[in-house]
Amino acid sequence: MPQKSGHRIAADIGGTFTDIALLTPDGHLATGKLLSTPANYADAVVAGVVALMQRLGLPIGDIAEVLHGCTVATNAILEHKGARTALITTQGFRDVLELRRVRVPRLYAPLWRKPSPLVPRNLRFEVAERIGADGSIVRPLDAASLDAAIAAVRAADVEAIAVCLINAFANPVHEQAIGARLRAELPGRFVSLSTEVLPQIREYERTSTTVVNAYVGPPVKHYLSVMIGQLASAGVKGRLLVMQSSGGVLSADAALDRPAQIVECGPAAGVIGARHLGRQLGYDNIITFDMGGTTAKASLIERGRLSTSEQYEVGSAMSATSPLMGGAGYALKLPVIDVSEVGAGGGSIVRVDSGGALKVGPESAGADPGPACYGRGGKEATVTDANVVLGYLNPRTLAGGTVPIDAEAARRAIADKIATPLGRDLVETAYGIHLVANTNMMRAVKAVTTNRGRDTRDFVMFAFGGSGGVHAASLARELRIARIVVPPAAGVFSALGLLFADLELNESRACLRRLAALSQDEMDQVYDDLAEGIAARLGRSRAEVGFQRLADLRYAGQAFEITVPLPDGPFDDAARKELARRFDAEHEVRYGHSFEGQYAHEVVNLRLVGSVTPSGARRIASLDPPSSAAEEERQAYFGPAAGMLPTPVISRSRLDEKPRQGPLVIEEYEGTVVVPPDATAVRDADGNILIDLAVVTQ
């Protein structure tokens, strides 16, 4: 149904804070920030939504849509708290989840062990059947073996069931028959079919993705049901939409069919916001740097386009999308924005290892008890505590006074836990923590830039998240990035990004053909079927949906493919040549070479993205009344060369369009920005902070 008139409000849950953003129809942006509630994350969302509407004097019933980014699916995998899940598969393929891929995350770790499968072996059941690679029925589905499998699943008392048969992508008839039996005979169980989740080649990735979808299905359903109920009780009449890993939003009801689509939805929202703002400012090449309380994320926007991937692992120390990396997590072969994520945030716990070296993260103090400086019972030293000691963060309060800061507790934690055991000076130790955290976060940035053949000097950095502005200058200097953009509401920018996201779906179908042999009629039929399915799931007519055609290509003999957009117009010989040229060019950029003219091009999957742009404001016209606090000054430490310097502390509104030399600390409700001595900062006409660094760019 088309969106009704009313306000659209967004809520993004982080490990430490829950962020709220509302953009009124006339473009006024209002934000809120409060500590997350890990016992029930919905509590903070509802409280934040109600508080923001009351502050603006708006009726809660005027909310038409609540847009939401959450970590419930990711946390279920990381904490192994998903549903008790069974797997039904083809006879002889019971151990696909055990065999995985021959890849280890650490080369020199001979004792490394693969992570335990999400479905243990005693809950994996086989049925006698076989579909050929061409879709032919080699062996019909044996009724007796299916009866036995269903009986075993019933006796196992599982909450969810994944079904993945060999070559089902070529012919779904057997999976559909099993799915119908399961849904009829085991009502209330979450059933996940590979042909509905990922109708593509590669047995391990298809099985793993189907299992992940089943594993997170019940907890996601419970979470969203609770969220909808609490919002309704608070008086919200509008619908709930959730962010997908691919960057679009989808109704909560539609997301429940394929909950694996929201596993990495949180990091995607900030990237969507950066692309939207970048278009308005005229920046085509952007590195996004999003640092929150628990993690730091990086992504790439190139020539105005998002970087996306289907090669993703979730559940490892660093989430990444490259098929050349990983091995420590669970394969999730669904469209995701190419975001690299490491466990380094403001709440990351600092420790000294057995060799006397500083370690930062991935464990986090979270929202409860939080960093020691929050005064909520936390005793461990964190990155936030170090930044308080260095003078970067306000020693009295954060988030507009809602989070009191105990600077003495921060100094005590750093001294007792880190500085004294190392025999180091307090400030020197805090700066070391700051640098180690930067080094960890550098891995995330390089994973989406230099590791993919991109020159960071060709990009600007968009820094956001509650701690992004504190660390951005140090990272940018190391990467030789000359300009940093800190957008308005940077500390809640992922919530703001939700408001700029389109209603969107990304669907695909296996189509393994030589490019030269793929006919116009076959392609049209696949895209037509995909378009019908996308429009139905979006609840719109085909005429209301905008579509983009893409294809996954590789050279004959390769094991992995690259997604490239199809040329517009008919798929004739000229279009085939242009598609091949686009693939060759992307292969050259990504891997440093191409095999143009040496190997034939193969199409692996055809892909269709359908999107609907929501109505309402798409540009920020005004902000909440800015802080008018007088300029202050405090001591801040900028490394051994500069030392401790008297540093002006101002609000964003006091920064004007004339460049101001650092050092400088810019404090606002949602976050803090640190401008080092060798940089200048200005505020442009749209309210963005532009930081220019004295870096070597050649």
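Note that CG of L606 is 10.5 Å distant from CG of L512, once rounded to the nearest 0.5 Å. Within the model, atoms CD1 of I77 and OH of Y215 stand 8.0 Å from one another, a figure rounded to the nearest 0.5 Å. One finds the CG atom of L118 at 7.0 Å from the OG atom of S208 (value rounded to the nearest 0.5 Å). Going from atom CD of E175 over to atom OG1 of T89 covers 8.5 Å, rounded to the nearest 0.5 Å. Within the model, atoms CD1 of I337 and CG of L300 stand 12.0 Å from one another, a figure rounded to the nearest 0.5 Å. Atoms CG and CG, on L530 and N506 in that order, are 9.5 Å from each other to the nearest 0.5 Å.
With hydrogens and angles ignored, the 3.5 Å screen pairs no side-chain donor or acceptor of R8 with any backbone N or O of L67. Counting only distance, with no hydrogens or angles, the side chain of K297 and the backbone of A268 share no donor-acceptor pair below 3.5 Å. At distances below 3.5 Å, at least one donor-acceptor pair connects side-chain atoms of N171 with backbone N or O atoms of G135.
Residue pairs satisfying the ring-ring contact (aromatic ring centres under 6.0 Å, His included) criterion with at least one member in residues 123-162, sequence neighbours excluded, are absent. Listed by first and then second residue, the side chain to side chain donor-acceptor pair (under 3.5 Å) pairs involving residues 115-128 are D95-R121, D95-R124, E98-R124 (not counting sequence neighbours). Within the structure, the salt bridge (charged side-chain N to carboxylate O under 4.0 Å, His left out) test picks out the following pairs touching residues 241-262 (sequence neighbours left out): R258-E507.
Two residues are said to be in side-chain contact when any heavy atoms from C-beta on lie closer than 4.5 Å; V609 and E504 meet this criterion. Between E203 and R206, the closest side-chain pair of non-hydrogen atoms falls below 4.5 Å. The shortest side-chain heavy-atom distance between I88 and L182 falls under the 4.5 Å cut-off. Contact check for I272 versus L306: side-chain heavy atoms found under the 4.5 Å cut-off. Considering only heavy atoms from C-beta on, N213 comes within 4.5 Å of P259 through its side chain. When side chains are defined from C-beta on, I262 counts as touching C70, because their heavy atoms get closer than 4.5 Å. Contact annotation: the side chain of L123 never approaches that of T85 to less than 4.5 Å [non-hydrogen atoms, C-beta and beyond]. L250 has its side chain within reach of L538: a pair of non-hydrogen atoms, C-beta onward, lies under 4.5 Å apart.
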In sequence, state the C-alpha distance, the side-chain angles, and the governing distance for L35 and F17, and then conclude on side-chain contact (heavy atoms from CB on, under 4.5 Å).
-> CA-CA 4 Å; L35 288 170; F17 287 100; 3.7 Å; yes

Can you list the steps and then say if Q91 with S145 is a side-chain contact (heavy atoms from CB on, under 4.5 Å)?
-> CA-CA 9 Å; Q91 193 174 68; S145 68; over 6 Å; no

Should T90 and E129 be marked as a side-chain contact (heavy atoms from CB on, under 4.5 Å) after you check the CA-CA gap, both sets of side-chain angles, and the distance that decides it?
-> CA-CA 6 Å; T90 303; E129 69 84 40; 2.5 Å; yes

Verify side-chain contact (heavy atoms from CB on, under 4.5 Å) between L505 and Q244, making sure each step is shown before the conclusion.
-> CA-CA 9 Å; L505 270 176; Q244 303 172 83; 3.7 Å; yes

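Taking the side-chain contact (heavy atoms from CB on, under 4.5 Å) definition, one finds that K359 meets it with R351, D353, sequence neighbours left out. R549 meets the side chain to side chain donor-acceptor pair (under 3.5 Å) test with no other residue; sequence neighbours excluded. Applying the side-chain contact (heavy atoms from CB on, under 4.5 Å) rule to D528 yields the partners R542; only residues at least two apart in sequence or on another chain are considered. Looking at residues two or more places apart in sequence or on another chain, you find a side-chain contact (heavy atoms from CB on, under 4.5 Å) between E196 and R183, L193. Residues that satisfy the side-chain contact (heavy atoms from CB on, under 4.5 Å) test with R181, not counting sequence neighbours, are L146, D147, I150, E185. Partners of S245 according to the side chain to side chain donor-acceptor pair (under 3.5 Å) rule, which considers only residues two or more places apart in sequence or in another chain, do not exist here. For F493, the ring pair (Phe, Tyr, Trp, His ring centres under 6.0 Å) partners at least two apart in sequence or on another chain are F464.
The heavy-atom pair separating A44 from L34 by the smallest distance is O-CD1, 3.7 Å. In this structure, V45 and I20 approach most closely via the heavy-atom pair O-CD1, 4.1 Å. Annotation for K333 and L198: closest pair O-CD1, 2.9 Å, computed over non-hydrogen atoms. Annotation for S299 and D338: closest pair OG-O, 2.8 Å, computed over non-hydrogen atoms. Closest approach of G247 to A501, counting heavy atoms only: O-CB, 3.8 Å. Nearest approach of S508 to P199, heavy atoms of both residues: O-CG, 3.6 Å.
Side chains of D290 and T288: a donor-acceptor N/O pair is absent below 3.5 angstrom, by distance only. A side-chain donor from one of N40 and Q230 sits under 3.5 Å from a side-chain acceptor of the other.
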Counting only pairs under 3.5 Å, give me each side-chain donor-acceptor contact of residues 219-227, with atom names and distances, residues two or more places apart or in other chains.
from	atom 1	to	atom 2	distance (Å)
Y223	OH	H68	NE2	2.6
S225	OG	K221	O	2.7

Considering only distance and modelled atom types, tabulate donor-acceptor pairs under 3.5 Å from the side chains of residues 152-168, sequence neighbours left out.
from	atom 1	to	atom 2	distance (Å)
E159	OE2	R84	N	3.2
N167	ND2	I131	O	2.9

